[in-house]
Amino acid sequence: MTVNTGSFLGRFLLPLLFLALGASGVPRAELTIEIVGGQEGAQPIAVAPFALEGGVGPAPDDLAQVIAADLARTGRFKPLPRQDMPPTPPTVEGVELRDWRVLGMNNLVAGQINRRPDGYYEVHFALFDVYSGEQLANMSLPSSAADLRHTAHRIADIVYERLTGLPGAFTSRLAYVTSEWGVDGQRVTLRVADADGHNPQTIVASKEPLLSPAWSPDGRRLAYVSFENRQTAVFIQELTTGRRELVASFPGINSAPAWSPDGRQLALTLSKDGNPEIYILDLGTRALRRLTDHPGIDTEPAWSPDGREIFFTSGRGGDPQIYRMSALGGEPTRVTFTGDYNGRPSLSPDGRSLVMVTRVNGQFRIALMDLATQSTRLLSRGGLDESPSFAPNGSMVIYATQSNGRGVLAVVSTDGKVGQRLSQDAGEVREPAWSPPPR
Amino acid sequence: MNPFPLSPVCLANFHEGARHTPEDDRVIGSLLLSLVLLLALGGCASPAKQAEVKAPGSAATTTALADRPGPPGLNDPNSPLSKRVIYFDYDSSTIKPEYVEILRAHARYVATTPKAKVMLEGHTDERGTREYNLALAEDRANAVRRFMRAEGAAAAQLGLLSFGEEKPTQPGQGEPVWALNRRVELVY
């Protein structure tokens, strides 16, 4: 789906000066992942090293390692350490399943990489049920050298889907904000990385704060808030070209962008009429429609996946609480009633639950709320946790937290059982946003 | 010459109806008060750094606010005008009694000096969500603006900016640090 970017918008588009897709001079600090929490009940699986056939040249990425790490991060799988594996079979056909049965494996992923004369690769893999001998998947994926890691994530998606019945989220991406202090002041960047923290790319760099990145439903653009002109403004930026447009720069606050599921509208917070209210901006016509009308604070809009409702944070009742209302307007109804601080809602892909920031005994934590039963479960244990965002398959939630006084990202499964921490060598990481499923 | 090149239209942003959040009564100790005083005497926000990324139609938006002459008494520790930061209770936009005289002095100065302009810059501590804090910080700046309007300052002389929790004046955590970050700075 594409948003109309006709001539009216065209004149707002401009090349971004500080676009740096892996360019020199930009630190390419990768997010390092540390898995926290138990792996109780995790299925034993082996991902044998993929043998390389044909041609000469540098060995490609260790695809088996990428796949195994993807599966391990979900907490549902416990990949066999490589040193415990029998010798690598040279081809998928050469696999001896009994070698893996004695090691207690339920499943085996085996594969080989064929280098074609034109420099491209053919990645052939099979997923075995070690006991029945059945092949649950057997396919060949063509890949450029640069896309090999991505191909490994695709294989992990397929393996995960075949074994759990749920789509994987390994080919999705993360947007996040980093902040570092140097001799010439603060350097803030908005970055996009693969879901495993690799391949970070700087989308925009500024000396002033950036916040609230929001993915377009097609995964091609990010809306975000920038203080680069001292006052907040909302921009939309195309990831591949770096072209961006200024979509909101009214007097007062311009913030909290959220795309409608069809990508045609942007909900956002503006205080141009005196205090923060939620508006809906039609990206095609530029028509602006005010949704809320209350002297209290209204902000942090989030769409329901069917596009019919807006959930938001409001201070109208005295404390910040979450409310919901029709995206067409009308009276909001209150959603949260427990505690004196519930904010920043984000809906699950199936629309049945939401994650939010809640205050419990003075600690700000991430909570998951079932909308039908109103039952709420805490997902995090920090004191300043914020900015929760669902993985596109709804199985995990990423959020910002603190570790030793430093901003890091954390991922937790929605059952709260397994988590990961993503941090950088230096500086703070915050404001994570998980991309929609790739198309 | 536009005295508020950063956000000229925000001067029209005056609003009467914004809500005060209920006061969360906290006793701030004498240590904190002395810190407050030190900070106030030490001056306030530095001018904005030029952004690396420019938005359309807003080139050269940043001028050095500090270069503009301020009111007399700005650097006289005996003048209430030298105090240009006021502090708030947690999740509150209510102006505390101890800051009334300071704000009244600034309002009178602005009211009697037609050329004077002051930017009211709202901030919060790091607790709570970033977007809600952006709104809360604006609410604080609005509370100061309402007060100064009531004391005779003209709307066109009072600019308003919200930085939310993005520009803490103190690093670290804990109530003494947070208390210093919950503030409105008056920038002439």
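Within every chain, numbering begins at 1; the chains are lettered A, B, ... in the order of the sequence lines, protein sequences first and strands thereafter. We use all heavy atoms of the structure for the numbers below, so side chains are in, but hydrogens, waters and symmetry mates are not.
Listed options A/Gly343, A/Ser212, A/Gly383 were ranked by heavy-atom pairs under 4.5 angstrom with chain B; first place goes to A/Ser212. Heavy-atom pairs under 4.5 Å with chain B peak, among A/Thr299, A/Asp385, A/Thr232, at A/Thr299. Listed options A/Asp298, A/Leu211, A/Val357, A/Thr313 were ranked by heavy-atom pairs under 4.5 angstrom with chain B; first place goes to A/Leu211.
Using a 4.5 Å cut-off between heavy atoms, A/Val225 contacts chain B through its side chain alone, with no backbone atom that close. Residue contact with chain A, scored on non-hydrogen atoms closer than 4.5 Å, involves the side chain of B/Gln173 exclusively.
The pair B/Arg130-A/Glu386 meets the salt-bridge criterion, since a charged nitrogen lies less than 4.0 angstrom from a carboxylate oxygen. Using a cutoff of 4.0 Å between basic side-chain nitrogens and carboxylate oxygens, B/Glu138 and B/Arg140 are not scored as salt-bridged. Under the 4.0 Å criterion applied to side-chain N and carboxylate O atoms, A/Glu180 and A/Arg406 are not assigned as salt-bridge partners.
Every ring pair (Phe, Tyr, Trp, His ring centres under 6.0 Å) that B/Phe163 has, sequence neighbours left out, goes to A/Phe227, B/His123. In this structure A/Ser179 satisfies the side-chain hydrogen bond (donor to acceptor under 3.5 Å, both in side chains) test together with A/Gln186, sequence neighbours excluded. With sequence neighbours excluded, the residues that form a ring pair (Phe, Tyr, Trp, His ring centres under 6.0 Å) with A/Phe364 are A/Tyr341.
Although no hydrogens or angles enter the test, the distance criterion places no donor-acceptor pair under 3.5 Å between the side chain of B/Ser92 and the main chain of B/Phe88.
The side-chain tip of B/Arg127 points at the ring of B/Tyr90 from less than 6.0 angstrom away and within 45° of straight on.
Within residues 426-433 of chain A, the residues having any heavy atom under 4.5 Å from a heavy atom of chain B are, by residue number, A/Arg430, A/Glu431.
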